Amino acid sequence: MQNNPKRRTQSSSKGSNSNSNRKSNKSSKAHKNSESPVAVTKRTSRGLHANNLHQGRYDIDQLCLTLPELKPFITQNPAGQKTINFSDPESVKFLNKALLKQYYAVDYWDIPPGFLCPPVPGRAEYIHRLNDWLLADLAVELGPKQKLKINALDVGVGANCIYPIIGASQYKWNWVGSDIDPISIECAQQIVSNNATLKNKISLRQQTDSELIFRGVIAEDEFFVATTCNPPFHKSLQDAAQGTLRKNSNLAKSRGEERQQDPSQPLNFGGQKAELWCEGGELAFIEKMANESLDYANHVIWFSTLVSKKDNVRPLRKRLEKLGVTQILIQDMAQGQKKSRFVAWSFMDHDQRLKMAQALVLG
């Protein structure tokens with residue numbers, strides 16, 4: 001986490017200190033805090049963060065110089081501007097390769113066919129806004145040569161390893177990435193091993209139990225400042241396929257095309273089962289994450305997850321309140337017509353969080 005002269009103060013009051021004596025008796029935490037109001041902070045951002053390296057339109061010519069293999073995928077939109085076909089997974093993959101090389105000095109990056117290939121600028125926004133929140137909440141005094149050592153856990157790191165790449169490259173965070181899929185872990189490890197700037201910043205762990213999220217990944221003596229997650233969005237493969245048809249149809253309309261989409265067409269951003277869907281969909285997954293986070297209340301300062309469906313924020317908030325969290329952050333993000341958000345929560349009161357942060361000061 002880096003110092004920021006534009007640091008914003010926390011917009012809501014601190015949570016109650018009724019949990020300041022929370023010890024290892026995890027089963028009683030929710031009952032202890034259920035009588036105290038939960039502090040809820042809502043923040044809204046419009047446009048890309050000032051630290052986001054992807055302002056404005058892509059400089060296609062520069063990206064092709066950075067990665068000549070991108071050239072065959074370049075097309076023109078109805079306005080005559082250079083772009084790519086965002087409905088084509090290979091085009092999106094090579095655009096990502098170019099972006100990661102140009103802006104993050106990632107010389108090697110590759111994923112197998114069919115794996116999730118996320119848009120880099122939007123994923124970067126999550127990391128930038130989370131960093132802003134950590135700066136505001138963990139506002140310890142730092143000397144000119146001091147910094148906070150941030151250890152973060154990315155749940156469902158995927159074959160693309162995108163959150164750890166961005167967090168390690170821009171904020172020097174140290175990362176653990178976990179995933180249920182062994183191929184994803186193997187691919188992410190290839191990315192880390194083949195980039196000198198990532199080797200000592202990112203480690204990968206496979207979650208071997210599909211019913212668990214943190215257990216089996218976080219060690220008993222391990223501590224993280226924050227967790228991140230891009231949860232499975234859909235309830236089934238059929239839902240995922242229908243979502244792809246809608247997305248591809250919208251992309252075609254934006255190019256001035258009215259053609260019907262082929263139902264057998266692959267997802268433009270790819271994705272395997274564990275990346276795209278799970279039983280019960282996004283809400284079931286993030287509620288499971290919330291439930292399990294209680295057992296690691298003393299191992300993590302701030303848990304967080306993207307929430308793609310706005311309607312899922314309220315039930316997640318209610319679940320977190322029942323579990324006894326002290327504070328909840330709801331961060332809305334908007335870039336043009338695209339809206340997204342993440343929710344973060346902590347079981348520690350503010351004094352506990354500051355004490356933890358002070359112990360992480362280096363230099």
Side-chain angles (χ1 to χ4, degrees), residues 1 26 29 41 118 123-138 148-158 160-168 171-180 184-185 188 201-207 209 212-232 274-275 278 282 285-308 312-313 316-317 319-320 323-331 340-348 352-353 356-357 360:
M1 185 165 63
K26 299 168 186 173
K29 287 182 183 125
T41 302
R123 294 298 189 261
E125 201 65 12
Y126 181 5
I127 300 301
H128 293 309
R129 300 297 173 183
L130 179 59
N131 183 70
D132 273 1
W133 175 246
L134 296 179
L135 283 171
D137 185 65
L138 308 178
L148 288 182
K149 180 181 179 181
I150 302 297
N151 293 324
L153 168 65
D154 185 30
V155 175
V157 65
N160 57 74
C161 199
I162 195 68
Y163 289 134
I165 288 174
I166 295 169
Y171 295 113
K172 309 303 179 185
W173 293 2
N174 299 299
W175 287 85
V176 170
S178 68
D179 205 287
I180 192 68
S184 291
I185 292 294
K201 305 297 292 183
I202 303 170
S203 62
L204 288 311
R205 300 175 190 173
Q206 185 180 350
Q207 170 59 268
D209 190 331
L212 301 177
I213 295 176
F214 300 115
R215 193 171 299 120
V217 172
I218 299 178
E220 290 186 4
D221 60 348
E222 202 163 25
F223 179 80
F224 293 98
V225 174
T227 70
T228 58
C229 181
N230 181 24
E275 297 175 311
C278 67
E282 179 181 73
F285 186 91
I286 60 180
E287 285 190 332
K288 178 193 289 187
M289 174 183 289
N291 290 338
E292 196 173 321
S293 71
L294 177 61
D295 293 333
Y296 294 88
N298 296 318
H299 292 258
V300 177
I301 297 181
W302 282 101
F303 298 90
S304 78
T305 180
L306 279 177
V307 182
S308 296
N312 289 340
V313 173
L316 174 59
R317 174 178 168 177
R319 170 65 64 180
L320 292 170
L323 289 170
V325 303
T326 61
Q327 186 157 0
I328 298 171
L329 166 69
I330 302 171
Q331 172 70 65
S340 61
R341 66 208 56 80
F342 70 83
V343 175
W345 63 94
S346 181
F347 291 94
M348 301 179 186
Q352 288 175 309
R353 298 198 298 270
M356 290 290 189
L360 298 171

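Note that the structure is predicted; figures quoted are calculated from it, not measured. The first residue in the sequence is number 1, and the count goes up from there.
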Show the nearest heavy-atom pair for residues [X] and [Y], with the distance to one decimal.
X	Y	value
Ala357	Leu148	O-CD2, 3.3 Å
Leu294	Leu323	CD1-O, 3.8 Å
Phe347	Ser293	CE1-OG, 3.4 Å
Gln206	Ile180	NE2-O, 3.5 Å

**OP:** Go through the steps for Ile150 and Tyr171 under the test side chain to side chain contact (heavy atoms under 4.5 Å, CB included), then give the verdict.
**Re:** CA-CA 9 Å; Ile150 302 297; Tyr171 295 113; over 6 Å; no

Original post:
What residues, two or more places apart in sequence or in another chain, satisfy ring pair (Phe, Tyr, Trp, His ring centres under 6.0 Å) together with Phe224?
Top reply: none

**OP:** Check step by step if side chain to side chain contact (heavy atoms under 4.5 Å, CB included) holds for Phe223 and Ile301.
**Re:** CA-CA 8 Å; Phe223 179 80; Ile301 297 181; 3.3 Å; yes

Subject >> Ser346 vs Arg353 side-chain heavy atoms within contact, under 4.5 Å >> reply: yes

**OP:** Begin with the C-alpha distance, continue with both residues' side-chain angles, and end with the deciding distance and a verdict on side chain to side chain contact (heavy atoms under 4.5 Å, CB included) for Phe342 and Thr228.
**Re:** CA-CA 9 Å; Phe342 70 83; Thr228 58; over 6 Å; no

Original post:
Does the side chain to side chain contact (heavy atoms under 4.5 Å, CB included) test come out yes or no for Val176 and Arg205, once each step is laid out?
Top reply: CA-CA 7 Å; Val176 170; Arg205 300 175 190 173; 3.7 Å; yes

Original post:
Which word best sums up how the rings of Tyr296 and Phe214 line up, parallel for under 30°, tilted for 30 to 60°, or perpendicular for over 60°?
Top reply: tilted

Original post:
Between the side chains of Ser340 and Tyr126, is a donor N or O closer than 3.5 angstrom to an acceptor N or O?
Top reply: no

